[in-house]
> 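Questions regarding the structure given below will be posed in turn.
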Amino acid sequence: MTVILAVASVDTAGLPPAERFDFWQELVARESVPARISSGHAADFTASARAVDLGVVRLGVWRYPSLELTRTRGMIRSSDPELYQLALPLSGHGVVSQERRGGRLVPSGFALIDTVRPHASTHRPDGPHSGPLHTVTALVPHSALPLPADRVTALLAAEIPADTGMGALLAGFLRQIVAHPEQYAAADAPELDRVALDLIAGTLARRLELERELPVEVRMTGLRTRVEAFVRHQLTDPELTPAAVAEAHHLSLRSLHRLFEGSGTTVTALIRTGRLERCFRDLADPRLRHLTVRQIANRCGFRDPAHLSRAFRGTYGLSPREHRERAGRG
C-alpha cells in the first residue's frame with residue numbers, strides 16, 4: 001500500500017462559535033509564528049487550514065474571513081527560527097508592511113515576510129458576498145535559500161509577480177501540492193521539497209537579478225520546470241517535438257536532453273505521456289461525445305489516429321474507442 005504525503009487539516013466549524021477565534025490564533029502561532037490577530041468575525045470565526053510538511057519547506061493553505069495581523073518586536077524571541085514566509089493570496093485584497101515598506105496583497109503576486117522582524121498585514125474580501133479568503137503560504141528557513149540575506153531584505157513586503165515567469169511556475173507548483181496532496185506518495189516529499197526550494201530561490205533571484213549567483217543545480221531545476229510547463233501548454237500543437245522545445249528555449253537539442261538526465265523522464269516521454277493523458281480524459285468526457293476519435297486525436301496533437309490507437313493500447317490496454325464506450329457505460 002502506498003503511503004501518501006502527510007497532511008494535517010483543521011476546521012473551526014466543529015467547535016462552538018465562542019471558541020473558534022482563540023483556536024485559530026493558537027493554530028497560526030503553532031503552524032506559522034505567534035501574532036496578534038483581529039477580525040470583525042471574531043464572534044463566529046469559521047475558518048480552516050491544511051498543512052503539508054515537505055521537509056525543509058512547510059506549505060499551508062488557509063481559508064478565513066477578513067482579518068488583520070500584527071507581529072510586534074515583543075513577540076519575537078531569540079529562540080525563534082529564522083524563517084521567510086512567502087504568501088500567495090488566492091482571493092481578496094489587502095496590504096502588508098515590513099521594514100518601513102508596504103505592498104499589496106493580491107492574487108497576482110506573492111508577498112515575502114521575514115518572520116523574525118515585525119510586520120503587519122490586512123486581508124479583506126473584494127465584496128460583501130465574496131465568501132471566505134484563501135491564501136497559500138510557504139515557510140522556508142533563511143539558511144535554505146542560496147541567496148545573500150541582505151539582498152533578500154530588499155524584497156520584504158514587496159509584491160513579487162505570481163502570474164508571469166518563474167513566479168507563475170512557483171505559484172502553480174505550490175497550488176497543485178496543497179490542492180491535491182493525495183496525488184503524491186510520502187516518498188515524493190524529498191523531491192517536492194527540493195523543487196519547491198529551487199523554484200522559490202529562482203523566483204527571488206529573478207526579481208533581484210541574481211540568477212547567475214545561484215548554484216547550477218538550482219538553475220537547472222528552474223529551467224527544467226519551465227520546459228515542462230511549456231510542453232504542457234503546447235501539447236495540442238502537432239509540431240511539438242524535442243527540437244521545437246529546444247529552439248523555444250534557446251538550447252541545443254543535446255543540451256535539452258542533458259537537462260533531463262537523471263530526472264526519470266525525457267522530453268519525448270513528456271510529450272507522448274501528456275498527449276495520451278489528455279486523450280484519455282477527453283474520450284471519457286460526455287461533453288465531447290459529439291467529436292469523433294479522429295477529432296479527439298487531432299485536438300490532442302496526434303496527426304495519425306492509428307498512431308494514437310497503438311500508443312493508447314500499449315499504455316492503457318484497450319483502444320481509444322473501447323475506452324470511450326466503457327466510460328459511456330459507466
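For clarity, every value in this text was computed on a predicted model and none was experimentally measured. Numbering of residues begins at 1 and proceeds along the displayed sequence.
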> Count the heavy atoms belonging to other residues, nucleotides or ligands that lie under 6.0 Å from CZ of Arg30, then report whether that count exceeds 12.
yes
> Ignoring hydrogens and angles, write down the donor-acceptor pairs under 3.5 Å from the side chains of residues 273-282, residues two or more places apart or on other chains.
residue : atom : partner : partner atom : Å
Thr273  : OG1  : Ala269  : O            : 2.9
Arg275  : NE   : Leu235  : O            : 3.0
Arg275  : NH2  : Asp237  : O            : 2.6
Asp282  : OD2  : Arg299  : NE           : 3.2

> For residues Leu169 and Ala229, report the shortest heavy-atom separation together with the two atoms involved.
CD2-CB, 3.3 Å
> With a 3.5 Å cut-off and sequence neighbours excluded, list the donor-acceptor pairs that the side chains of residues 34-45 form with protein atoms.
residue : atom : partner : partner atom : Å
Ser39   : OG   : His41   : N            : 3.0
Ser39   : OG   : Ser66   : O            : 2.6
Asp44   : OD1  : Arg20   : NH1          : 2.4

> Is there a side-chain contact between Leu27 and Ser32 (heavy atoms, below 4.5 Å)?
no
> Using side-chain heavy atoms (C-beta onward) and a distance below 4.5 Å, is Val245 in contact with Val227?
yes
> Can you give me the closest heavy-atom contact between Pro148 and Leu210, atom names plus distance?
CD-CD1, 4.2 Å
> Main chain of Ser319, side chain of Glu322: is a donor-acceptor contact present, judged purely on distance under 3.5 Å?
yes
> Is the shortest side-chain heavy-atom distance between Pro125 and Leu133 below 4.5 Å?
yes
> Checking Arg226 side chain against Gly165 main chain: does a donor-acceptor pair fall under 3.5 Å?
no
> According to a hydrophobic-cluster definition based on side-chain heavy atoms being under 4.5 Å apart (Ile, Leu, Val, Met, Phe, Trp, Tyr only), do Val267 and Val195 belong together?
no
> Aromatic rings Phe302 and His307: how do their planes relate, parallel, tilted or perpendicular, breaks at 30° and 60°?
perpendicular
> Report yes if some heavy atom in the side chain of Leu251 is under 4.5 Å from a heavy atom in the side chain of Leu223; otherwise report no.
yes
> Below 4.5 Å, heavy atoms only, C-beta onward: do Pro65 and Pro132 meet side chain to side chain?
no
> Looking at CG of Leu88 and CG of Leu174, how far apart are the two atoms once the value is rounded to the nearest 0.5 Å?
7.5 Å
> I'd like to know if Arg124 and Glu68 make a salt bridge, using a cut-off of under 4.0 Å between side-chain N and carboxylate O.
yes
> May I have all residue pairs that pass salt bridge (Lys or Arg N to Asp or Glu O under 4.0 Å) and include part of residues 143-155, sequence neighbours excluded?
none
> Given 3.5 Å as the limit, does a donor-acceptor pair link the side chain of Ser9 with the main chain of Arg50, or not?
no
> List the residues meeting side-chain contact (heavy atoms from CB on, under 4.5 Å) with Arg194, not counting sequence neighbours, and say none if there are none.
Glu191, Asp198, Thr221, Arg224
> Please report the shortest heavy-atom distance between Leu240 and Gln234, naming the atom on each side.
CD2-O, 3.4 Å
> Taking NZ, NE, NH1 and NH2 as the nitrogens, is one of them in Arg219 or Glu211 under 4.0 Å from a carboxylate oxygen of the other?
no
> Determine, using the 4.5 Å side-chain heavy-atom cutoff (strictly less than), whether Leu147 and Val57 are members of one ILVMFWY cluster.
yes
> Verify the cluster assignment for Phe260 and Val218: are they in a single hydrophobic cluster under the rule of side-chain heavy atoms below 4.5 Å apart?
no
> Are the side chain of Gln98 and the backbone N or O of Pro118 linked by a donor-acceptor pair below 3.5 Å?
yes
> Taking all atoms of both residues into account, what is the closest heavy-atom pair of Glu31 and Ala51, and its distance?
OE1-CB, 3.8 Å
> Between the side chain of Gln295 and the main-chain N/O of Thr292, is any donor-acceptor distance below 3.5 Å?
yes
> Do Val140 and Trp62 land in one hydrophobic cluster if side-chain heavy atoms of ILVMFWY residues count as linked below 4.5 Å?
no
> Can you check whether Val216 reaches Met220 side chain to side chain, under 4.5 Å on heavy atoms?
yes
> Are side-chain heavy atoms of Ile271 and Pro242 found at a separation under 4.5 Å?
yes
> Determine the minimum heavy-atom distance between Thr135 and Pro89, stating which atoms define it.
OG1-CA, 3.9 Å
> Side chains of Leu204 and Met166: does their closest heavy-atom pair fall under 4.5 Å?
no
> Side chains of residues 252-259: which donor-acceptor partners sit under 3.5 Å, not counting sequence neighbours?
residue : atom : partner : partner atom : Å
Ser252  : OG   : Ser255  : N            : 3.0
Ser252  : OG   : Ser255  : OG           : 2.9

> Is it true that a side-chain atom of Thr203 and a backbone atom of Leu199 form a donor plus acceptor pair closer than 3.5 Å?
yes
> Taking only Lys NZ, Arg NE, NH1 and NH2, and the carboxylate oxygens of Asp or Glu, determine whether Asp80 and Arg71 approach each other closer than 4.0 Å.
yes
> Tell me the ring-ring contact (aromatic ring centres under 6.0 Å, His included) pairs involving residues 89-125, sequence neighbours left out?
Tyr64-His123
> Do the side chains of Ile200 and Val56 join up, straight or via other hydrophobic residues, at under 4.5 Å, putting them in one cluster?
yes
> Taking all non-hydrogen atoms of both residues, which atom of His142 and which atom of Asp114 are closest, and how far apart?
NE2-OD1, 2.9 Å
